[in-house]
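What follows is a short report on a single structure.
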Amino acid sequence: MSADSTATGAPPVKRARMDTDDDYDGVVFMLGKNTYAVKTRMHAENRKRLAAAMRAAGHSHGVIVLKGGETVMRHDTDHECLFRQESYFNWAFGVKEPDMYGAIDIESGHATLFIPRLPEEVAPWIGAIEAPSSFRKRYAVDDVKYTDEVTTFTQSKAADDGCEVHVLYGKNSDSGAFSDPAEFPGSPFKVNKQALFPIIADLRVFKTELELDLMRHVSHVSSAAHVDVMRLVKAGMGEYQLESLFQHYIYYHGGCRQPAYTCICACGPNAAVLHYGHAGAPNDRVLEAGDIALLDMGAEYHCYCSDITCSFPVSGTFTPDQRMIFTGVLKAVRAVEEAMKPGVEWPAMHRLATRVILEHLKQHGLVQGSVDDMVAANLGKIFLPCGLGHFIGLDTHDVGGYLEDNPPRIMEGPFGIQKLRTARTLHAGMCLTVEPGIYFVDKLLDMAEQDPELAVFLTPKLQTFRGFGGVRLEDVVTVTDAGIENYTLCPRTCDEIEAVMAGGQWPPEVDNAPWLFRKWNSPVPKVGSDKGEYDY
């Protein structure tokens, strides 16, 4: 849209491009002049926050040693997999290269980066071997040493009476896996594995303004890519082609070299498979005109993620049943996003979404009886077997959901609210996804029919939706002091979707869904442009 679009509710663009060579000073990551410039200050602020939090927790005299991600080869070959930095290390240092360590002096905040000592013989294959001074300038740290000096460096710190050495070790509540701590073979000093993890994980839950700017940008790129795919989809295409279109867009226009997670391009009955797209179901169905398409895809930039789901008719026009199910999900989105604000408990939002969905299904004759009784019987888990949403940041399912001092998981399983990835109270600075859905999963419908407490609510009309698939709408939002800001700028109402698929303008001249809290100021390329021009 043009720069004077403020009159129609779309503010002028805030450009992310760099215009002069001087603008590159203080930039830790970007792929070119038309891509987003991440400032070194963002990581310096995170290190400062971490040191302050450790001091506040009584660990004033010590050093933090973090281990970066390692080079990974494919099985037993010499094929080097595309590297992606370990998330905690990226949060603190913003380093794009593998096989490094970083240290932070808790009292002073002094940061030291440790780089591999590479032999000159590898230069013909990887380029010139950079000196430590080059890394010191690029990552704005106080000192740079080699990784073969980590143990000696740490031992000298530990020799200072009372100085603690803190390494990262803790359990990820989503994966069940433990973080990989820095180790110092043969060293005489002890390390503290307990103090750091809960502090740094909780800090990642609350984003700084610079982190929020980056989160906003990557969701705006992802939104534009979804719109581009939506315009191009047609019957006869393969699901994998929709994945390909998305990945091309985010990389060509946004500099996002890889998606944040495996793309889910689930069409027709596949839309009832929540994590479709895995190796055993690799987005390989051919689209049919009567299908609903559920596309769950998000970009990643500098390890910061987006996670957006759009659902729409392959034909470009909703059938009555598709419109009805879609509207029920959108009602849940609206109810949750209007209710979100600091002080609200996240499980209450899941329960709200479930109630809205059940009320909608009752209104349209798919279930019957008292909605209160349905809620008490946990009928909602049949149609919404996953959690409402999750923290998002440096990982799609971001950390901090169930730390030791947080509310515990609600054990009302095995589906529904028990799958919620956090039960925390909302506070400003948190980023989460809001992703209610209505799914018609044969296994769950069979389970409900065989359970007398649930079967009483089911109607014959429900059987006609077997094979329908499902609808999910997923937004990335941040909690603000007043409510939320929605970073997802995709068509969301049925009218918006049908208009865009028919070739209509996006973003719209007038936002007819202000209750989605979208802001039209995203620095992303114009949909369909090969020039990378910014036009949101």
Side-chain angles (χ1 to χ4, degrees), residues 1-13 219-237 241-242 245-246 248-250 252-254 265 267 287-297 299 306 308-327 329-331 333-334 337 471-476 486-536:
M1 297 182 72
S2 61
D4 62 356
S5 57
T6 49
T8 61
V13 64
S219 281
H220 289 175
V221 171
S222 301
S223 297
H226 270 282
V227 174
D228 203 46
V229 175
M230 194 179 293
R231 291 190 190 279
L232 296 170
V233 69
K234 59 183 178 181
M237 295 178 69
Q241 290 177 295
L242 310 186
L245 290 168
F246 181 86
H248 168 73
Y249 190 99
I250 62 173
Y252 186 89
H253 291 294
C265 297
C267 298
L287 280 61
E288 298 180 7
D291 286 348
I292 195 80
L294 186 159
L295 305 187
D296 187 339
M297 305 183 289
S306 182
I308 293 173
T309 305
C310 293
S311 296
F312 55 86
V314 169
S315 68
T317 303
F318 285 92
T319 67
D321 282 347
Q322 289 172 344
R323 180 178 287 266
M324 183 269 289
I325 297 300
F326 183 97
T327 301
V329 176
L330 187 60
K331 283 181 180 178
V333 170
R334 179 173 185 172
E337 292 184 353
V471 168
R472 174 164 70 249
L473 298 174
E474 181 176 14
D475 292 343
V476 177
N486 190 343
Y487 293 163
T488 304
L489 303 182
C490 295
R492 275 294 184 246
T493 69
C494 291
D495 289 345
E496 286 179 347
I497 290 169
E498 290 182 344
V500 165
M501 295 186 74
Q505 174 182 315
W506 193 259
E509 287 288 348
V510 177
D511 187 351
N512 290 315
W515 36 269
L516 287 170
F517 306 101
R518 300 175 292 195
K519 290 187 178 180
W520 306 102
N521 61 345
S522 58
V524 298
K526 180 179 181 181
V527 172
S529 168
D530 287 333
K531 299 179 181 179
E533 295 297 329
Y534 291 76
D535 201 39
Y536 267 32

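Just so you know, residue 1 is the first one in the sequence shown, and it goes up from there. Predicted model only: the values in this text are computed from it and were never measured.
For the pair Tyr487/Ile308, no side-chain contact is recorded, criterion being any heavy-atom separation below 4.5 Å from C-beta on. Using a 4.5 Å heavy-atom threshold, the side chains of Leu287 and Leu242 count as touching. Within the 4.5 Å cutoff, the side chain of Phe312 has heavy atoms near those of the Val233 side chain. Residues Asp511 and Arg518 are in side-chain contact: their nearest non-hydrogen atoms beyond the backbone lie under 4.5 Å apart. At least one side-chain heavy atom of Pro491 sits less than 4.5 Å from a side-chain heavy atom of Met230. Counting heavy atoms from C-beta outward, Gln322 and Thr319 have side chains that approach closer than 4.5 Å.
Heavy-atom minimum distance, Val471 versus Leu294: C-CD1, 4.1 Å. Residue Leu489 comes nearest to Trp506 through the heavy atom pair O-NE1, 3.0 Å, listed as atom of the first residue, atom of the second, then distance. The heavy-atom pair separating Phe246 from Ser222 by the smallest distance is CE1-O, 3.7 Å. Of all non-hydrogen atoms in Arg231 and Val500, the two that sit nearest each other are NH1-O, 3.2 Å. The shortest heavy-atom contact between His226 and Met297 is NE2-O, 2.9 Å. Annotation for Val314 and Ala293: closest pair CG2-CB, 4.1 Å, computed over non-hydrogen atoms.
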request  = Tell me, with the steps shown, if Leu516 and Thr488 meet side-chain contact (heavy atoms from CB on, under 4.5 Å).
outcome  = CA-CA 9 Å; Leu516 287 170; Thr488 304; over 6 Å; no

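To the nearest 0.5 Å, the span separating NE2 on His220 from CH2 on Trp520 amounts to 8.5 Å. Rounded to the nearest 0.5 angstrom, Ile497 CD1 and Cys310 SG are separated by 7.0 Å. Rounding to the nearest 0.5 Å gives a distance of 6.0 Å between CG of Leu295 and SG of Cys267. Atom CG of residue Leu330 and atom SG of residue Cys494 lie 7.5 Å apart, to the nearest 0.5 angstrom.
A salt bridge is absent between Glu288 and Lys234: the closest approach of a Lys/Arg side-chain nitrogen to an acidic carboxylate oxygen does not fall below 4.0 angstrom. Looking at Arg492 and Asp475, a side-chain N of the basic residue comes within less than 4.0 Å of a carboxylate O on the acidic one, giving a salt bridge.
In this view, Glu337 satisfies the salt bridge (Lys or Arg N to Asp or Glu O under 4.0 Å) rule with no residue, not counting sequence neighbours. Every residue meeting the side-chain contact (heavy atoms from CB on, under 4.5 Å) condition with Glu498, not counting sequence neighbours, appears here in chain and number order: Thr317, Phe318, Arg323. Legend: residues meeting side-chain contact (heavy atoms from CB on, under 4.5 Å) with Asn512, ordered by chain and number and at least two apart, are Val510. Remark: Ser311 pairs with no residue by the side-chain hydrogen bond (donor to acceptor under 3.5 Å, both in side chains) rule, at least two apart or across chains. Checked against ring pair (Phe, Tyr, Trp, His ring centres under 6.0 Å), Phe517 has no partners two or more places apart in sequence or in another chain. Asp296 is linked by a side-chain hydrogen bond (donor to acceptor under 3.5 Å, both in side chains) to Tyr261, Thr309, Arg472, counting only residues two or more places apart in sequence or in another chain. With sequence neighbours excluded, no residue satisfies side-chain hydrogen bond (donor to acceptor under 3.5 Å, both in side chains) with Gln241. Residues forming a side-chain contact (heavy atoms from CB on, under 4.5 Å) with Ala499 (at least two apart in sequence, or on another chain): none.
Pairs engaging residues 313-322 under the salt bridge (Lys or Arg N to Asp or Glu O under 4.0 Å) rule: none recorded [sequence neighbours left out].
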